[in-house]
Amino acid sequence: MNIPRTSFPRIVIIGGGFAGVSLAKELSKQEVQVVLLDKNNYHTFQPLLYQVSTGGLEPDSIAYPIRKILKDFPNFHFRLANVEEINTLENKVLTDIGVLKFDYLVVASGAETNYFGNAEVKKNSMAMKTIPESLNLRSLILENFEEALLTSDLNERNALMNFVIVGGGPTGVELAGALAEIKKGILPKDYPDLDTRLAQIHIVQSSDCILKGMSDKASQKAEDFLEKLGVNIWKNVRVTNYDGKTVTTNTDLTFETATLVWAAGVKGATIKGLDAGGFVTNGQRLLVNEFNQVKGFDTIFAVGDIACMVTNECPNGLPMMAQPAIQQGKQLGENMVRLIEKKPMIPFVYKDKGVMATIGRNKAVVDLPKFKFQGVFAWYVWMFVHLFFLIGFRNRMVVFINWVYNYIRFDREARLIIRPYKRHLKK
């Protein structure tokens, strides 16, 4: 990999998400060599992926080059690589561009979509965990309406204009709200010769409420907001299969749709060599102690979504969100310096800063540790927080200007089919 040899300890970080970048920044000015490996050369601000999918933002406004984030820091190296295996006995990382030896390893590989073993759903549905997946979904949504114009079959036309979102968490709720606003404000202008009122948006949730991790009030208010936007919410219903045309459930309810978005769950993105049952949970997360050390290892750590740190408040592990990842990355940087200097490490304590979700224009729900509120003010808080955590001044300005323009004009300029997407379904 052409990484120079130094007398400094080498810390290899796998993953350039919130946790990996936060850790690298914390270590940037220490007397260590930091090597960050990622299959993409950019950091993705995942909370806004749904806006790329629905034409509200272009992908470059929520992505930022990893090299630029850490360009001024000495002893930092980035390599574009896909990590294939970790050799824990020899302290080596095996990638598609070569082998790299480490003194300390930090796994920050994040999470991936969890289909719960349903191969048909995985093959025929759409996910939204990466920028390419979001662009595919954007293209498919727009292509479906173009195809709806061409067909004379009423059932086929309805299927092309129906959208089923599996999962009522923040991702599913925010996507449904954005699609509902497109149906209301944009489709009638773009497709005047198509009865877009027939378009349907469905959320299918396996439990008895949406936004399950938030307060009851936030859940109910979000449901009220969505219903006013015309979104159909089906609770206590579990999707069992999707063949590309028909969605079947554990009830007698079925949907005919050309677009099923799977937002029902995530699992840790484990890597071969660190995927044994002894230290991996059912959700494919690596069990870590209070110092983020992977169970059974002294020099291998995990942070972010891939790490499962069990606490009294979170018996199933810390939530798979940005804030735990950022906080873990920052403190692990401090702890690794202490470890190298033979000082005792400080146990990690998660500071819950709250949860929020937006449902659309002037509609959001916010649960802070001491305050809970919904509506217009919550919407402004949601926007401010997301702008604050975006990386790069340009990205903040571009997103802010896009939001202001979209709000004033009730428009989404990025509804472009840049890269056509076609699924290859079984005939």
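All residue numbers in this chain count up from 1 along the given sequence.
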* **Ionic contact status for R138 with E58, cut-off 4.0 Å** => yes
Side chains of V385 and M356: closer than 4.5 Å at any heavy-atom pair?
yes
CZ (F291) and CE (M345) are apart, to the nearest 0.5 Å, by 5.5 Å
With sequence neighbours left out, the residues meeting side-chain hydrogen bond (donor to acceptor under 3.5 Å, both in side chains) with N136 are R419
Residues at least two apart in sequence or cross-chain that pass side-chain hydrogen bond (donor to acceptor under 3.5 Å, both in side chains) with N250, listed by chain then number, are none
#### Entry: Main-chain N/O of A81 paired with D38 side-chain donor or acceptor, under 3.5 Å
no
_Is it the case that the ring center of Y242 lies less than 6.0 angstrom away from the ring center of F255?_
no
Q.
What I want to find out is whether E85 reaches K92 closely enough, with some N-O distance under 4.0 Å, to be called a salt bridge.
A. no
From the list N91, D275, I14, side chain to side chain contact (heavy atoms under 4.5 Å, CB included) partner of I86 resolves to I14
Here the salt bridge (Lys or Arg N to Asp or Glu O under 4.0 Å) pairs for residues 316-332, sequence neighbours left out, are E26-K330
Under 3.5 Å donor-acceptor, E143 side chain and Y421 backbone
yes
The ring pair (Phe, Tyr, Trp, His ring centres under 6.0 Å) partners of Y191 (sequence neighbours excluded) come to F145
| Are K25 and L70 close enough that some pair of their side-chain heavy atoms sits under 4.5 Å apart? | yes
Strictly distance-based, threshold 3.5 Å: is any side-chain N or O of S219 a donor or acceptor partner for the main-chain N or O of I210?
yes
Centroid-to-centroid, W382 to W403, below 6.0 Å? yes
With a 4.5 Å limit on heavy-atom distance, are the side chains of L226 and I203 in contact? yes
What class does the angle between the rings of Y350 and F348 fall in, given that below 30° is parallel, 30 to 60° is tilted and above 60° is perpendicular? parallel
Sorted by chain and number, sequence neighbours left out, side-chain hydrogen bond (donor to acceptor under 3.5 Å, both in side chains) with Y407 holds for N362
Note: I306 and T270 closest approach over all heavy atoms is CD1-N, 3.9 Å
Look only at the side chain of R79 and the backbone of L36, and say whether a donor-acceptor pair between them is shorter than 3.5 Å.
no
Only residue of T95, L100, V99 satisfying side chain to side chain contact (heavy atoms under 4.5 Å, CB included) with I97 is T95
- Query: Does a side-chain heavy-atom distance below 4.5 Å link K372 with K217?
  - Reply: no
* Asked: Less than 4.0 Å between a side-chain N and a carboxylate O, is that true for K245 and D243?
  -> no
Practice prompt. Measure from the side-chain N and O atoms of N40 to the backbone N and O of Y42, and report whether any donor-acceptor pair falls under 3.5 Å.
Written response: no
Rounding to 0.5 Å, atoms CG (L286) and CG (D305) come to a distance of 11.5 Å
Open item on the list: For R10, is there any backbone N or O sitting under 3.5 Å from a side-chain donor or acceptor partner on D103?
Closed with: yes
Residues at least two apart in sequence or cross-chain that pass side-chain hydrogen bond (donor to acceptor under 3.5 Å, both in side chains) with K212, listed by chain then number, are none
Taking every heavy atom of A302 against every heavy atom of V288, the minimum-distance pair comes out as CB-CG1, 3.8 Å
When rounded to the nearest 0.5 Å, the distance separating CZ of R396 from CG of L387 is 8.5 Å
Quiz item: Would I165 and V204 count as a side chain to side chain contact (heavy atoms under 4.5 Å, CB included) if you check the C-alpha gap in whole Å, the side-chain angles of each, and the deciding distance to 0.1 Å?
Solution: CA-CA 6 Å; I165 301 167; V204 181; over 6 Å; no
Validation row, ring centre F45 to ring centre F18 under 6.0 Å: yes
